[in-house]
Visitor: 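Following this message is one structure expressed as structure tokens.
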Amino acid sequence: MTIAIGSSRAETREELSTTAFDLLVIGGGILGTSVTWMAAQAGLRVAMVDAGDFAGATSSASSKLVHGGLRYLQTGNVKLVAENHRERRALAADIAPHLVKPLTFLVPIYKGGPHGAAKLGAGVFLYSALSVFGDGMGKVITPHQALAKVPALRPEGLRAAAVYGDHQMNDSRVAVMTVRAAVDAGATVLNHAEVVGLRKTSGTVTGAELRDRLDGTEFGVSARLVLNATGPWVDHLRRMEDPDAAPSIRLSKGAHLVLRRHEPWKAALTTPIDKYRVSFAIPWEDHLLLGTTDEAYEGDPAAVSPTEADIAQILDEAGHAVRDEQLRREDITYAFAGLRVLPGGPGDVAAAKRETVVTRGSGGMLSVAGGKWTTYRHIGKHVFDTLARLPGRPLGDEIADILPVVPLPGLASPEAVAMRLWTDRERSARMDPLVARHLATHYGSIAFDLARLIREDPALGERIHPEGPDIWAQAVYARDHEWAATVDDVVRRRTTLTVRGLDTPEVRARIAALLGTG
Ligand SMILES: Cc1cc2nc3c(=O)[nH]c(=O)nc-3n(C[C@H](O)[C@H](O)[C@H](O)COP(=O)(O)OP(=O)(O)OC[C@H]3O[C@@H](n4cnc5c(N)ncnc54)[C@H](O)[C@@H]3O)c2cc1C
């Protein structure tokens, strides 16, 4: 098996270096993946490479919300909220109902807080109106009602809570499913392959020079058009195109914590900290996700990580609304940080509008960065349309229309999948219902492929760590079908071991052996 993976990377490199592609996408975060998916659907020969793992940077460091963005109402950006809502509802209803789930949010209103009940009540009403009340009507509830939903809510000084609806996901899993959708549509992809230089023909960018980060192999890719979708690295790539390119973006760091949860939460909390900033406390993967910070960042994007000051700030801000018992340091299972890409220019980063920056350089390379996870299809379509209509039509005229709604692989009702996984086997050999639910909500109907692996080798049905729902079949599947090549690819992004704090040295060693890297 290990040899197969080694040779399949070599085969992919060979394909990348010998094919004349229409489009090379540099960066396999959600934006690059989205454009790759669209381009493949349109019938183009498209390649996508990432220096690290797919979604290994910003796209797995988000707040995991598929949301309209309540706080953008603060900056008056009603159009952005309505657009986000449309995409949120499309993802939850048509594209990925198996991976994106609804979640109720409470905005606790405390005595002396930055916003009063009347303003927040009007805010959540407008917010729900902008999604045509598809998730019910935003309203204000009593402290008693709020505490019934979130018993860990701090009761002292609580006046009321505003309620609204949004969705959440496991961002790494949705990203890998989107990569799979792109590959199913015909794209060629390779992770752990870094662009170290650009190819140019008469001053025009026509490809890239790459280095395989796993074994150091150097190779190149030729393409009619190159898209730079490297998120926080976007200006680094733009300088490869033109050493004098002026900065187009600035970065803001956002850190999060994951904590063990002591009781069920029926809703998440969006707690206003000041006029612009909020603190999220979100039930996620049976844990509690807290965040986030928002602070200008000028260092190396690869070095971004949560600091002790970030951890203290997140716990402190969560403490505005969450009881101390739920905020113990010993319950922290994981901390992570990512970088928001904001349009360049003056002003406080926390007040800057979250918009997408699209630029075209002197060598004809299009660069895209910023925007939201939630609107990845919308941004992908916009970028793809821009590429398709560039002066001189470098992609040609033979581009098929992209269907507006193509679901992600595994589309199925997670409840039905979980039930079938559970009942499909005789009583004595039934899958643990928790594991069945975990597989159904992270793979959709692809969970049946995992069940098949378990039928062939029952040991693959065992949990990787006794305290979490991830099983060995997932690690094997990640290696063989989801491009996982390093231990972190498996424990951090294909499964939930790291976020639960269960990637012990023993677990890591066993996974390294499975991948053939140990
Ligand atoms: C703290 C935080 C919270 C957020 N929360 C939410 C949320 O809850 N909901 C929401 O909708 N949005 C959220 N966002 C926004 C969302 O996460 C981003 O808009 C999205 O992930 C950006 O994706 P991307 O593909 O542009 O960038 P990235 O995911 O960073 O992808 C860029 C990729 O380029 C690769 N790369 C870089 N250099 C090279 C090179 N030389 N060669 C090859 N590859 C290279 C990197 O390895 C990386 O994988 C959040 C963002 C942050 C920072």
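Every heavy atom of this structure was used, including side-chain atoms; hydrogens, water molecules and symmetry mates were not. Both ligands and their constituent atoms are indexed starting at 1 by order of listing.
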Visitor: Mind checking whether W37 and Y376 have parallel, tilted or perpendicular rings, split at 30° and 60°?
Guide: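 The arrangement is parallel - the two ring planes meet at less than 30°.
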Visitor: So for G371, does at least one of its heavy atoms come nearer than 4.0 angstrom to any atom of ligand 1?
Guide: yes
Visitor: Taking Q168 for its side chain and P283 for its backbone only, find out whether a donor-acceptor pair lies under 3.5 Å.
Guide: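 Such a contact is found between Q168 side chain and P283 backbone.
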Visitor: Can you tell me if L210 has a non-hydrogen atom under 4.0 Å from ligand 1?
Guide: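 No, L210 has no heavy atoms under 4.0 Å from ligand 1.
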Visitor: Report the nearest protein non-hydrogen atom to atom 36 (N) of ligand 1: residue, atom name, distance rounded to 0.1 Å.
Guide: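 Heavy-atom neighbour on the protein nearest atom 36 (N) of ligand 1: T230 CG2, 3.7 Å.
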Visitor: Which heavy atom of R377 sits nearest to which heavy atom of P404, and what is that distance?
Guide: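 Shortest heavy-atom separation between R377 and P404 comes out as NH1-O, 3.0 Å.
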Visitor: Can you report which non-hydrogen protein atom sits closest to atom 50 (C) of ligand 1, along with the distance?
Guide: S62 CB, 3.8 Å
Visitor: Thinking salt bridges, do D166 and R89 make one under a 4.0 Å N-O criterion?
Guide: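 Salt bridge between D166 and R89, a charged N being under 4.0 Å from a carboxylate O: no.
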Visitor: Could you list the atoms of ligand 1 found under 4.0 angstrom from a heavy atom of I26?
Guide: 42 (N), 43 (C)
Visitor: Within the supplied structure, the quantity of interest is the number of heavy atoms (other residues, nucleotides, ligands) at a distance under 6.0 Å from H378 NE2; does it exceed 12?
Guide: no
Visitor: What residues, two or more places apart in sequence or in another chain, satisfy side chain to side chain contact (heavy atoms under 4.5 Å, CB included) together with L411?
Guide: P97, H98, P407
Visitor: Just one of R261, R260, R500 clears the salt bridge (Lys or Arg N to Asp or Glu O under 4.0 Å) bar with D331, so which one?
Guide: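 The option that passes is R260.
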Visitor: Should A55 be listed as contacting ligand 1, given a heavy-atom distance under 4.0 Å as the test?
Guide: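 A55 does not count as a contact of ligand 1 under the 4.0 Å cut-off.
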Visitor: Do you know which of D171, D488, D50, D53 makes salt bridge (Lys or Arg N to Asp or Glu O under 4.0 Å) with R493?
Guide: D53
Visitor: Looking at ligand 1, does any of its N/O atoms fall within less than 3.5 Å of an N/O of H256?
Guide: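 No; the residue has no nitrogen or oxygen that sits under 3.5 Å from a nitrogen or oxygen of the ligand.
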Visitor: Identify, for atom 12 (N) of ligand 1, the protein heavy atom at the shortest distance, and state residue, atom and that distance.
Guide: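 Nearest neighbour among protein heavy atoms for atom 12 (N) of ligand 1, to 0.1 Å: W373 N, 3.1 Å.
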Visitor: Tell me the protein heavy atom at minimum distance from atom 40 (C) of ligand 1, and give that distance in Å.
Guide: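 The closest heavy atom on the protein side is V195 N, 3.8 Å.
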Visitor: Under 3.5 Å between some N or O of ligand 1 and some N or O of I30?
Guide: yes
Visitor: Are R180 and E482 close enough for a salt bridge, meaning some N to O gap below 4.0 Å?
Guide: no
Visitor: Within less than 4.0 angstrom of ligand 1, does K253 place any heavy atom?
Guide: no
Visitor: What is the nearest protein non-hydrogen atom to atom 13 (C) of ligand 1, stated with its residue, atom name and distance?
Guide: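 Looking only at protein heavy atoms, the one closest to atom 13 (C) of ligand 1 is K372 NZ, 3.6 Å.
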Visitor: Any atoms of ligand 1 less than 4.0 Å from a non-hydrogen atom of A229? List them with their elements.
Guide: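 So the answer, numbered in order with elements, is 32 (C), 34 (O).
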Visitor: Going by the atom numbers of ligand 1, which of them fall below 4.0 Å from some non-hydrogen atom of K64?
Guide: 8 (O)
Visitor: Considering non-hydrogen atoms of the protein only, which is the closest contact for atom 22 (C) of ligand 1, and what is the distance?
Guide: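 Going atom by atom, the protein heavy atom closest to atom 22 (C) of ligand 1 ends up being S59 OG, 4.0 Å.
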Visitor: Test your reading of the structure: does T292 have an N or O sitting under 3.5 Å from an N or O of ligand 1?
Guide: no
Visitor: Within ligand 1, which atoms have a heavy atom of P232 less than 4.0 Å away?
Guide: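 Reading through ligand 1 atom by atom, the close ones are 30 (O).
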Visitor: Consider every N or O of R340 and every N or O of ligand 1, then say whether any pair is closer than 3.5 Å.
Guide: no
Visitor: Could you check whether the rings of Y164 and F105 sit parallel, tilted or perpendicular, using 30° and 60° as the cut-offs?
Guide: parallel
Visitor: Flag S252 as yes when one of its N or O atoms lies below 3.5 Å from any N or O atom of ligand 1, and as no otherwise.
Guide: no
Visitor: Determine whether more than 12 heavy atoms belonging to other residues, nucleotides or ligands lie under 6.0 Å from atom NZ of K149.
Guide: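 No - once you tally the heavy atoms of other residues, nucleotides and ligands closer than 6.0 Å, there are 12 at most.
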Visitor: Any N or O of T58 that comes nearer than 3.5 Å to an N or O of ligand 1?
Guide: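 There is such a contact, yes.
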Visitor: For ligand 1, is any non-hydrogen atom under 4.0 Å from L237's backbone (N, CA, C, O), its side chain (CB onward), both, or neither?
Guide: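 For L237, the contact with ligand 1 is made by the side chain alone.
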Visitor: If you have a sec, work out which protein heavy atom is nearest atom 5 (N) of ligand 1 and how many Å separate them, to one decimal?
Guide: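 The closest one turns out to be S63 N, 3.0 Å.
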Visitor: Pull out every atom of ligand 1 sitting under 4.0 Å from any heavy atom of G254, numbered as shown with elements.
Guide: 1 (C)
Visitor: R492 vs T498, test: side-chain hydrogen bond (donor to acceptor under 3.5 Å, both in side chains). Steps then yes/no.
Guide: CA-CA 5 Å; R492 168 69 179 92; T498 300; over 6 Å; no
Visitor: Using a 3.5 Å distance criterion without hydrogens, assess whether the side chain of D274 forms a donor-acceptor pair with backbone atoms of R277.
Guide: yes
Visitor: Are the charged groups of D242 and R238 less than 4.0 angstrom apart, N to O?
Guide: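 Salt bridge absent between D242 and R238.
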Visitor: For E194, which residues count as a side chain to side chain contact (heavy atoms under 4.5 Å, CB included) partner, sequence neighbours excluded?
Guide: A51, V196, R211, R213
Visitor: Looking only at protein heavy atoms, identify the closest one to atom 47 (O) of ligand 1 and say how far it is in Å.
Guide: D50 OD1, 2.6 Å
Visitor: When only distance counts, is W233 in polar contact with ligand 1, meaning an N/O pair under 3.5 Å?
Guide: no
Visitor: Out of all atoms in ligand 1, which are within 4.0 Å of some heavy atom of A51? Include the element for each.
Guide: 39 (C), 40 (C), 42 (N), 43 (C), 44 (N), 45 (C)
Visitor: Got an N/O contact under 3.5 Å between A61 and ligand 1?
Guide: no
Visitor: So that I can tick it off, tell me whether R329 and E308 are bridged by a salt bridge, with the cut-off set at under 4.0 angstrom between side-chain N and carboxylate O.
Guide: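 Salt bridge: yes.
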